[in-house]
Protein chains: 2
Amino acid sequence: MTPDRLSVTLSALADPTRRGILARLATGEANVKELAEPYDMSLAAVSKHLKVLEQAGLISRGKDAQFRPCKLEAGPLRDVDGWLESYRRFWEESLDQLEVYLAELQKGDPDGSRN
Amino acid sequence: MTPDRLSVTLSALADPTRRGILARLATGEANVKELAEPYDMSLAAVSKHLKVLEQAGLISRGKDAQFRPCKLEAGPLRDVDGWLESYRRFWEESLDQLEVYLAELQKGDPDGSRN
DNA sequence: GACGTATTCAACCATTACGTTATCAACTCA
DNA sequence: TGAGTTGATAACGTAATGGTTGAATACGTC
């Protein structure tokens, strides 16, 4: 079965090398050799990571002589953000709870019995 | 090498069954059999998915007789949201660009030559 | 054309992921 | 105690992942 877009995006992101590459690309375009420089692995391995990122739509690649400049494409990240949206309340809620608690403390009502 | 937390979280999320389970748990606690019901796979398979989610800290499990109620834990999701933060500008920026473009269109300046 | 640089591809290997079935363990209740 | 239910574990097959090395391709330059 062909996996859904979100699964493809998330599994592309579930690798620290690939996230590192994206972080580097967030500062501007770069070619394969530049992207590979920080990593202790072969160029071929980095090339494979780039292929994964490209197939997930997280990067696009241009062509400049024998260089293949890579560019960040944020679309799939926005999709992840959209998916997260439905869960955001879970941690925002508990933050609110904490705020309420702290406010009560400050009022000298540590058991939060009001409400 | 033991993988970093964020990688563990993202690869746990990179499976539609597991995301489906989280979506179900967003509506309240449920036991394993209930969680397995929508899926065309063995209970053992679902049990494995739950183990992955638990090890990623995305769910916790209680104990009630022979039932093992599962509960959503949003902490790791908040971490993902935090990671996304550094990239948010990429799609918010391009949305701004679009807004500028549309505004120019409305003013009868389709080539956006002002600026 | 030959050389150097950048990048990909092919073949291979080890490990992990995801499903199966069969078995085991814990608990409830008649 | 014994049966039924819930859930986890073990052993297994198969496919995917992430790395390697070595050869191939594409381009610019001497």
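Proteins come first, then strands; the chains are lettered A, B, ... in the order of their sequence lines, and each starts at number 1.
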Report all side-chain donor-acceptor pairs from residues 46-58 of chain A shorter than 3.5 Å, counting only partners two or more places apart or in another chain.
| residue | atom | partner | partner atom | Å |
| --- | --- | --- | --- | --- |
| A:His49 | ND1 | A:Arg18 | NH1 | 3.1 |
| A:Glu54 | OE1 | A:Arg61 | NE | 3.3 |
| A:Glu54 | OE1 | A:Arg61 | NH2 | 2.8 |

At under 4.0 Å, does any side-chain N or O of [X] touch on OP1 or OP2 of [N]?
X       : N      : value
B:Ser42 : C:dT20 : yes
B:His49 : C:dG19 : yes
B:Ser47 : D:dA8  : yes
B:Asn31 : D:dT6  : no
B:Lys48 : C:dC18 : no
A:Lys63 : D:dC27 : yes
B:Arg61 : D:dG7  : no

Between [options], which nucleotide has the shortest distance from any of its atoms to the side chain of [X]?
X       : options                : value
A:Leu43 : D:dC27, D:dA8, C:dT8   : C:dT8
A:Ala45 : C:dC27, D:dT20, D:dG18 : D:dT20
A:Gln66 : C:dC18, C:dT5, D:dT20  : C:dT5
A:Arg68 : D:dG18, C:dT8, D:dA8   : C:dT8

Review point. For the atom pair CZ (A:Arg19) and CG (B:Leu6), what is the distance rounded to the nearest 0.5 Å?
Key: 4.0 Å
Practice item. Nearest 0.5 Å please: distance from the CD atom of B:Glu73 over to the CG atom of B:Leu22. Key: 11.0 Å
Within this structure, what is the [atom1]-to-[atom2] distance between [X] and [N], rounded to whole angstrom?
X       : N      : atom1 : atom2 : value
B:Asp40 : C:dC18 : CG    : C1'   : 14 Å
A:Arg19 : D:dG18 : CZ    : P     : 12 Å
A:Lys33 : D:dC27 : NZ    : C1'   : 15 Å
A:Ile21 : C:dT7  : CD1   : C1'   : 14 Å
B:Leu10 : C:dA17 : CG    : C1'   : 16 Å
A:Met41 : D:dG19 : CE    : C1'   : 8 Å
B:Leu50 : C:dG19 : CG    : C1'   : 15 Å
B:Asp64 : D:dG7  : CG    : P     : 10 Å

**Study point:** Output field: ring centroids A:Tyr87/A:Trp83 closer than 6.0 Å
**Key:** yes
Donor-acceptor contacts, no H, no angles, side chain residues 62-69 of chain A, under 3.5 Å, sequence neighbours left out:
none

Check your understanding: Hey, is the side chain of B:Lys51 pairing donor to acceptor with the base of D:dT9 inside 3.5 Å?
Key -> no
